There are 2 protein chains.
Amino acid sequence: MSEQKKSITMKDVAIEAGVSVGTVSRVINKESGIKEVTLKKVEQAIKTLNYVPDLYARGMKRNRTETIALIVPSIWHPFFSEFAMHVENEVYKRQNKLLLCSINGTDREQDYLDMLRHNKVDGIVAITYSPIENYLTSGIPFVSIDRMYSNIEIACVSSDNEAGGREAAKQLIRRGCKHLAFVGGHNTTINETKRRRIAFENYVREHQYPFSVFDLDETEEDYNVKLEKFLSKNPDVDGIFTINDLFALDVIKILQNKGKKIPEDVQIIGYDGIKMAGDKDYLLSTIAQPLEEMAREAVRILFDIIDGKAVNMQTMLPITFIEGNTTKFVDRKR
Amino acid sequence: MSEQKKSITMKDVAIEAGVSVGTVSRVINKESGIKEVTLKKVEQAIKTLNYVPDLYARGMKRNRTETIALIVPSIWHPFFSEFAMHVENEVYKRQNKLLLCSINGTDREQDYLDMLRHNKVDGIVAITYSPIENYLTSGIPFVSIDRMYSNIEIACVSSDNEAGGREAAKQLIRRGCKHLAFVGGHNTTINETKRRRIAFENYVREHQYPFSVFDLDETEEDYNVKLEKFLSKNPDVDGIFTINDLFALDVIKILQNKGKKIPEDVQIIGYDGIKMAGDKDYLLSTIAQPLEEMAREAVRILFDIIDGKAVNMQTMLPITFIEGNTTKFVDRKR
DNA sequence: GTGAAAGCGCTAACAA
DNA sequence: TTGTTAGCGCTTTCAC
């Protein structure tokens, strides 16, 4: 293995071009007031030596790494990976890089936050359900998704979870559902997604329909087994709203195994609007979050914070109901 | 916005502890031969000041950033996001960070490779179908997935694509399929995934079954429309192997719309073994890649290269056939 | 317009 | 065992 340690530095370029390092630096940074000939010489030298500046060395002076971190619970989950894609796009547009921090079920928040302090990332976009605020001491620019922080002043971007829950209820009822249920995964920490359930439930109760809930801790074992029991015990449920699309797919699978017809016997609405659910066999009816816009807003706000501008602490983006084929205007017998 | 630029440095710690920066550095790096009292003093100072070392400043001396880059075509795709998750896990274990470079359809390879040179990442894991080798001048440690490079000596990790293609053919035939087809997305550059089709086709032809292919350029418009036409024109196809799981889901959807029963009328085998396809409604029969192991190997090899060890240039991991419910031993009339 | 030099936060070689 | 100091590659005064 040839250890080709030494890379081309600014000094090399300076020598090659017969100028000082200061001048090279000025060229790199496109400063004005450089004589045409000098510019040419330096550019030529850069080209012949195939020189690239070391951004971290620069960062040491400028106190900027041009790196943004994205914290997600698990990158394999389609909602998060789609979100990551959009964040990456935005970050890329601004010539920054994206550090991916996927918690992956293990307890990495603390570790990652430390790492990020070490590496002086310029800012963090986080979508996490852990009580991260305890760790968040550093005053680093931070934007959270779907998670309000009560104590600290932290910018938050989310979809209108309340409207989403309400809309789901409205649509199911309008389509003739008589017994509604919510299926979700509980989380210990408070977060905005809980509003989905609350708004849904409120609407249903206001309109005096029977209502059932299945809302276990996500980490609980035998989740699917318990879910199946729940569905068996509530055979007359004919309209289900799930906390997200993946849960909806689970529910569909279980109901199919029971021989239920969807949407004839049971109608289902998910939440998120992930690609997978829209493109593939069952076109899931869902409350779609404006994922791309959320990413765009989050990154925009983050950079505003980095640049010292004032920002809205709370940004809420509108949801839309997308009708797939798990809902339908049907005639109910009863 | 309070600009709290100045962060705690080693010098501050040194002063606080009443020692020199050299000593602090030694403590940070857990060198041996430090007097107990000094150690205590320094550790105390670090704690009271809440000091964290700047890894990039360190990197300037050590020529290491402890950062690995992962290049994928698009992070939203479940195969890549699952792979990313596993790579992230491995990188995290080694206390390194992961820079995510998702090409996202646009033409970013060149840009990213430049960025990575700028930022001196310690190594790159890439799963890309572009002719990246042209850009790859820097001699940076590099491991590619599913992509052999002819000219350059580059380490490659892949699943046994040939065995996979063959296995798919074998399983379909064993289950009574009489007319086989391959459905895939073409890519301009040569890559290992092509072997899937070739091995599949060879096996089918050897056994003298009728065979049809649909293998358009992925970027082609109206892909699904054309795919549908293909399936309409070949109504007697009863066994399909697709280049990956997502294509299989597309095929299923189209066939369902045509009123075909799966697996009774048509059997389908995908490739990859993504979570989504396994967990959800249709349990897709598929040739599963050992994704986690591939990630583990790739990262292991990468770090071996970084550490200057000799490595295998070609690592091929075994695939396994997983039977979902899109295949079945059925009695065929004809 | 451009060069010289100080210094960003750290490590490592050399002294003491 | 610890302190001192020279850089790592860059930016940025301050002179010229």
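This one's a predicted model, so the numbers in the text were calculated from it and none came from an experiment. In the text below, chain A, chain B and the rest are named by the order of the sequence lines, each starting its count at 1.
- Atom CG in A:Asp54 sits roughly 18 Å away from atom P in C:dC8 (whole-Å rounding).
- Remark: A:Glu90 pairs with A:Lys93 by the side-chain hydrogen bond (donor to acceptor under 3.5 Å, both in side chains) rule, at least two apart or across chains.
- B:Ser25 has no side-chain polar atom (N or O) that falls below the 4.0 Å cut-off from OP1 or OP2 of C:dC10.
- The side chain of A:Met10 has D:dT11 as its nearest neighbour among D:dG7, C:dA4, D:dT11.
- Atom CG in A:Asn63 sits about 17 Å away from atom P in D:dC10, given to the nearest Å.
- Applying the salt bridge (Lys or Arg N to Asp or Glu O under 4.0 Å) test to A:Lys40 and every residue at least two apart in sequence or in another chain returns A:Glu36.
- A:Thr23 comes within contact range of the sugar-phosphate backbone alone, with a heavy-atom separation under 4.0 Å but no base atom that close.
- B:Phe80 meets the ring pair (Phe, Tyr, Trp, His ring centres under 6.0 Å) test with B:His77; sequence neighbours excluded.
- Under the 3.5 Å distance criterion, with hydrogens and angles disregarded, a donor-acceptor pair is assigned to the side chains of A:Gln289 and A:Asp272.
- Under the side-chain hydrogen bond (donor to acceptor under 3.5 Å, both in side chains) criterion, A:Arg26 pairs with no residue, sequence neighbours left out.
- Listed by chain and residue number, nothing satisfies the side-chain hydrogen bond (donor to acceptor under 3.5 Å, both in side chains) test with A:Asp54 (two or more places apart in sequence, or in another chain).
- Atom CD1 in B:Ile15 sits about 12 Å away from atom P in C:dG9, given to the nearest Å.
- Partners of A:Tyr112 under the ring pair (Phe, Tyr, Trp, His ring centres under 6.0 Å) rule, at least two apart in sequence or in another chain, are B:Tyr92.
- Remark: A:Gly33, A:Ile34, A:Lys35, A:Thr38 in residues 29-41 of chain A come within less than 4.0 Å of DNA chain C through at least one heavy atom.
- Between B:Asp111 and A:Lys97, no side-chain nitrogen of the basic residue sits less than 4.0 Å from a carboxylate oxygen of the acidic one, so the salt-bridge criterion is not met.
- For A:Val21 and B:Ser20, each mapped to the nucleotide of DNA chain D holding its nearest heavy atom, the one lying further toward the 5' end belongs to B:Ser20.
- In this view, B:Glu293 satisfies the salt bridge (Lys or Arg N to Asp or Glu O under 4.0 Å) rule with no residue, not counting sequence neighbours.
- With axes fitted over five pairs at each extremity, the angle between the ends of the helix from C:dG1-D:dC16 to C:dA16-D:dT1 is 40° (10° resolution).
- Residues satisfying the side-chain hydrogen bond (donor to acceptor under 3.5 Å, both in side chains) criterion with A:Arg94, sequence neighbours excluded, are absent altogether.
- Rounded to a whole Å, the CE atom of A:Met60 is 13 Å from the P atom of D:dT12.
- Of the possible donor and acceptor atoms, none in the side chain of B:Thr128 sits under 3.5 Å from a partner among the backbone N and O of B:Ala126.
- Picking from C:dG3, D:dT4, D:dA6 the nucleotide with the shortest atom distance to the side chain of B:Lys61 gives D:dA6.
- Look at A:Thr9 and you won't find any side-chain N or O under 4.0 angstrom from OP1 or OP2 of D:dG9.
- One atom, CG of B:Asp12, and another, C1' of C:dC8, lie 13 Å apart when rounded to the nearest Å.
- In this structure, A:Tyr56 places its OH atom 16 Å from P of C:dC10, rounding to the nearest Å.
- The residue A:Val19 sits close only to the backbone: its heavy atoms come under 4.0 Å of sugar-phosphate atoms, none of a base.
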Dump every N/O contact between nucleotides 13-16 of chain D and the protein below 3.5 Å, one line per pair.
{"residue": "D:dT13", "atom": "O4", "partner": "A:Arg26", "partner atom": "NH2", "Å": "3.3"}

Tell me which donor-acceptor pairs under 3.5 Å the side chains of residues 42-49 of chain B have, and how far apart each pair is, sequence neighbours excluded?
{"residue": "B:Thr48", "atom": "OG1", "partner": "B:Gln44", "partner atom": "O", "Å": "3.3"}
{"residue": "B:Thr48", "atom": "OG1", "partner": "B:Ala45", "partner atom": "O", "Å": "3.1"}

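- Separating the CZ atom of B:Arg117 from the C1' atom of D:dG9 is a distance of 16 Å, rounded to the nearest angstrom.
- Here the P atom of nucleotide D:dT5 and the NZ atom of B:Lys11 are 13 Å apart, to the nearest Å.
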